[in-house]
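Working notes for the structure below.
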Number of protein chains: 2
Amino acid sequence: MEEENLRSEIITIGDELLIGQVVDTNAAFIASELNNAGIDVVQITSIADRHEVIVKTLREAEKRANLILMTGGLGPTTDDITKVALCQFFKTSLVVNNDTLENIIRLFRSRGIAMTERNVKQAEIPASCIPMKNELGTAPGMWFEKNGKIFISMPGVPHEMRHMMKHYILPRLLEYPRQGAILHKTVITGGLGESSLNDHLRVWEETLPPHIKLAYLPQPGVIRLRLTARGSSRELLAKEIGEQVATLVTLIPEYIIGYDEDTLEGVVGRLLIERKMTLATAESCTGGTIAHLITSVPGSSAYYTGTVVAYSNEIKENILAVSRQSLVTYGAVSEAVVREMAQGIRERFNVDFTVATSGIAGPDGGTPEKPVGTTWIAITTPGHIVARKFQFGDNREDNIMRTTVTALNMLRLEILNYSTV
Amino acid sequence: MEEENLRSEIITIGDELLIGQVVDTNAAFIASELNNAGIDVVQITSIADRHEVIVKTLREAEKRANLILMTGGLGPTTDDITKVALCQFFKTSLVVNNDTLENIIRLFRSRGIAMTERNVKQAEIPASCIPMKNELGTAPGMWFEKNGKIFISMPGVPHEMRHMMKHYILPRLLEYPRQGAILHKTVITGGLGESSLNDHLRVWEETLPPHIKLAYLPQPGVIRLRLTARGSSRELLAKEIGEQVATLVTLIPEYIIGYDEDTLEGVVGRLLIERKMTLATAESCTGGTIAHLITSVPGSSAYYTGTVVAYSNEIKENILAVSRQSLVTYGAVSEAVVREMAQGIRERFNVDFTVATSGIAGPDGGTPEKPVGTTWIAITTPGHIVARKFQFGDNREDNIMRTTVTALNMLRLEILNYSTV
């Protein structure tokens with residue numbers, strides 16, 4: 001390898017990507033890991049699982065990049081032809097690799113299941129590559145070098161690829177020269193649309209130096225602002241980006257949810273842990289999505305006691321003690337009912353904060369007075385109760401996610417208002 | 001356009017893709033829609049939001065395809081440069097388009113918010129393009145033709161792009177000649193690993209004619225088998241693929257969950273609706289993920305009454321009537337407790353079927369006797385109760401998803417065993 005910075009291209013192989021049956025999460029994972037290691041990704045290319053296409057794409061990629069990472073096309077089943085294409089590209093042939101064979105035997109022994117002929121065949125790899133151990137599966141990774149460029153082939157099963165990338169590929173890549181430094185800082189905002197946010201930030205944005213770039217990344221209910229700085233000194237960039245973020249925070253303090261990998265559910269959890277306080281939820285239209293997000297956080301059992309998803313009115317009455325009169329008079333999607341749900345779960349679960357949701361997610365159930373997207377959210381704190389109405393759109397999935405994000409952000413603000421640690 | 005079948009390439013533009021901050025769901029959506037329309041996708045390419053890269057990639061793409069679809073780089077904020085790059089590539093310049101300006105004004109009026117200067121600027125489009133209306137946002141789509149090839153640029157906001165694709169882009173594309181026919185049929189299996197499945201199917205697989213291809217697509221807990229047939233007559237292909245699926249079904253009848261876009265939660269819902277029966281869940285380690293999936297199905301309120309997520313032992317006792325003695329003697333992750341949870345939710349919610357989960361999702365909470373991944377699942381039916389123990393892995397996210405999928409598949413089998421309609 002010449003003394004040249006790594007510039008990478010990611011190639012994901014599989015017909016399932018080109019027919020849209022599978023979303024390419026592998027490319028995003030690899031890109032993120034490379035980026036964190038200071039290695040630029042110049043292109044991501046998804047192609048068919050066909051011999052001549054794989055060879056042609058490798059020829060094109062080596063013109064754009066000096067580090068090419070591939071995933072896919074290495075499973076135990078008969079639709080795999082990547083290894084044969086690699087043999088042609090690198091002018092080599094398949095041989096049985098003993099370490100790989102031992103790894104496969106070990107895996108099957110630990111799982112207590114019998115090996116098939118196909119699994120044995122997976123121990124065959126191109127003679128010119130360095131095998132990369134796959135601790136979690138049967139298909140090994142392969143590391144090739146050719147004309148000063150690196151080519152790496154990994155299995156397509158996400159957790160196998162991730163493990164291999166972290167434990168075997170990245171440590172080797174870190175030995176090569178990389179570009180000076182790339183630093184990212186993401187500021188996560190909630191409560192402002194893209195144009196309004198831009199109006200708040202435009203004047204500041206125009207003062208950013210040319211080596212610091214700002215991008216707006218909208219998601220349902222939140223917009224992530226990503227600052228990217230490039231330069232030679234990591235320390236200097238960290239200082240500069242820290243100063244810019246400090247300015248940004250003064251411009252929109254009330255709209256900032258968190259930073260970088262922060263999530264609303266993670267931020268809420270941290271606030272509760274700091275205050276040693278607890279949370280329960282009562283969900284109707286969100287159907288457990290709030291609970292699903294909250295419990296995705298490791299350690300959430302310290303502050304989250306649980307949820308009641310009350311899809312039926314009977315459950316709202318029997319478990320959450322919502323009054324029949326409110327249900328009859330105002331309907332399940334109403335301020336009265338969502339307040340009683342939030343109070344009911346508070347009393348049943350004996351916690352410091354509660355969140356309740358009730359809305360018409362769609363596609364059915366709308367009326368002229370309460371069209372699809374009508375949503376009520378209530379929060380209780382040790383001090384008071386607040387309820388707000390929202391009018392979201394006509395897409396079920398979007399309505400569930402926007403209600404969830406909005407409820408978690410309301411909760412975050414209520415926790416902050418209630419007490420600062 | 002010459003009389004030539006459409007061969008497409010999808011280009012997704014955005015630095016967020018190359019640093020792995022965002023997963024490229026747009027490419028998967030577009031690929032799926034094109035495929036269903038009988039248009040082959042030969043490559044998906046993700047590139048940076050940079051002028052020279054966009055122009056260079058368009059030049060490369062027009063060698064591979066005669067239909068190029070782009071998304072991204074058209075938002076109202078200052079990081080957008082796609083339109084200028086398009087002007088260079090098509091040798092044209094930006095002009096204000098009145099229809100687009102009217103659409104932007106209409107959107108802002110309906111939302112009751114003020115327009116900014118940036119929003120007005122979004123009405124500028126390259127003079128040589130046909131604008132494509134964006135009903136849900138401010139950035140218009142653009143349709144170009146050059147040397148008999150079609151280039152389409154769409155906004156990157158997913159729901160805007162999806163709406164534009166369905167209502168404006170696809171209807172126009174369907175007027176062009178396409179290749180004979182592509183047909184896919186996906187059979188969804190659960191309960192067998194990839195190699196075991198292959199052992200069951202290999203002999204049959206080898207009898208498949210060359211124009212019908214089989215692919216294995218593994219996901220947590222399920223493997224999708226995709227049959228793809230290509231030929232000139234859609235009717236003939238449908239007949240052939242139907243016969244092959246019929247053979248496949250006889251080989252692994254007990255492992256087939258559904259077909260095509262079927263999901264476990266959708267299949268379970270259909271079975272319950274057919275039987276006019278109801279379901280409730282009591283979740284511990286899955287933390288609402290089962291409820292989240294079940295309620296993602298439109299119309300699920302007809303059969304699903306709700307869930308109690310009992311993260312704390314108090315809730316298990318107070319709401320689900322789990323005995324303190326079982327909790328103390330056997331611990332929360334035990335056969336006794338998961339059975340009592342399933343019984344408790346059954347009595348509280350008065351339903352036909354219940355599912356209960358209790359496990360150690362990790363990363364903390366494991367012991368030598370009950371390591372992380374230890375999971376109990378119980379199902380009750382009107383006739384009986386069944387509980388099974390599973391040992392999953394050490395990844396929290398994976399454990400939650402595998403428990404969820406396994407519980408839903410156990411439920412599916414219990415519903416089928418209980419009664420056939």
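Just so it is clear, the structure is predicted and the values come from calculations on it, not from any experiment. Residue numbers start from 1 in every chain, and the chains themselves are labelled A, B, ... in the order their sequence lines are given, proteins ahead of strands.
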Original post:
Quick one: of B:Gly288, B:Ala48, B:Pro363, B:Ala31, who has the most non-hydrogen atom pairs under 4.5 Å with chain A?
Top reply: B:Ala31
Original post:
Can you tell me how far OH of B:Tyr304 sits from CD1 of A:Ile315, rounded to the nearest 0.5 angstrom?
Top reply: 10.0 Å
Original post:
If you count heavy-atom pairs under 4.5 Å between each of A:Asn350, A:Ile400, A:Thr305 and chain B, which one has the most?
Top reply: A:Thr305
Subject >> N/O donor-acceptor pair under 3.5 Å between A:Ser32 side chain and B:Gly20 backbone >> reply: no
Original post:
Considering only heavy atoms, which portion of A:Glu397 lies under 4.5 Å from any heavy atom of chain B: side chain, backbone, both, or neither?
Top reply: neither
Subject >> Reported CG-to-OG1 distance for the pair A:Leu293 and B:Thr289, which is rounded to 0.5 angstrom >> reply: 9.0 Å
**OP:** Against chain A, work out which of B:Arg396, B:Gln391, B:Arg224, B:Gln43 has the most heavy-atom pairs shorter than 4.5 Å and name it.
**Re:** B:Arg396
Original post:
Do you know which of B:Ile319, B:Asp364, B:Leu17 has the most heavy-atom pairs with chain A at a distance under 4.5 angstrom?
Top reply: B:Ile319
**OP:** Please look at A:Val351 and chain B and tell me whether the side chain, the backbone, both or neither of the residue comes under 4.5 angstrom of a heavy atom of that chain.
**Re:** neither
Subject >> Which of A:Val42, A:Val22, A:Ile10 touches chain B most, by non-hydrogen pairs under 4.5 Å >> reply: A:Val42
Original post:
Taking C-beta and beyond as the side chain, do A:Thr25 and B:Val23 meet within less than 4.5 Å on heavy atoms?
Top reply: yes
Original post:
Is the count of non-hydrogen atoms from other residues, nucleotides or ligands lying under 6.0 Å from A:Arg162 atom CZ greater than 12?
Top reply: yes
Original post:
Side chain, backbone, both or neither: which part of A:Glu60 has a heavy atom under 4.5 Å from chain B?
Top reply: side chain
Original post:
Checking B:Leu18 against chain A: side chain, backbone, both or neither under 4.5 Å from a heavy atom?
Top reply: both
Original post:
If you tally heavy-atom pairs under 4.5 Å against chain A, which of B:His292, B:Glu16, B:Glu33 wins?
Top reply: B:His292
Original post:
Between A:Thr12, A:Leu34, A:Val297, which shows the greatest number of heavy-atom pairs under 4.5 Å with chain B?
Top reply: A:Val297
Original post:
Top residue by heavy-atom pair count (under 4.5 Å) with chain B, among A:Ala291, A:Gly306, A:Pro298?
Top reply: A:Pro298
Subject >> Side chain to side chain, A:Ile44 and B:Thr45, heavy atoms closer than 4.5 Å >> reply: no
**OP:** Answer yes or no: is there a side-chain heavy-atom contact under 4.5 Å between B:Arg64 and A:Lys56?
**Re:** yes
Subject >> Interface moiety of B:Ile19 toward chain A, non-hydrogen atoms closer than 4.5 Å >> reply: both
**OP:** Heavy-atom distances under 4.5 Å only: say whether B:Ser301 touches chain A with side chain, backbone, both or neither.
**Re:** both
Original post:
Less than 4.5 Å apart, any side-chain heavy atom of B:Asp15 and any of A:Lys213?
Top reply: yes
Original post:
Which region of B:Asp199, side chain (C-beta onward) or backbone (N, CA, C, O), has a non-hydrogen atom less than 4.5 Å from a non-hydrogen atom of chain A, or is it both or neither?
Top reply: side chain
Original post:
Pick from A:Pro158, A:Ser312, A:Gly156: which one has the most heavy-atom pairs with chain B under 4.5 Å?
Top reply: A:Ser312
**OP:** Heavy-atom pairs under 4.5 Å with chain A are the metric here; pick the option from B:His184, B:Glu314, B:His159 that has the most.
**Re:** B:His184
Original post:
Who among B:Gly299, B:Gly362, B:Ser300, B:Gly365 has the most heavy-atom pairs with chain A under 4.5 Å?
Top reply: B:Ser300
**OP:** Go through the atoms of A:Ser296 and report whether side chain, backbone, both or neither lie under 4.5 Å from a heavy atom of chain B.
**Re:** backbone
Subject >> Side chain / backbone / both / neither for A:Phe349 at chain B, heavy atoms under 4.5 Å >> reply: both
**OP:** Using a cut-off of under 4.5 Å on heavy-atom pairs, state which of A:Ile30, A:Val157, A:Thr307 scores highest against chain B.
**Re:** A:Thr307
Subject >> Approximate separation, where rounding is to 0.5 Å, of A:Tyr311 OH and B:Leu279 CG >> reply: 12.5 Å
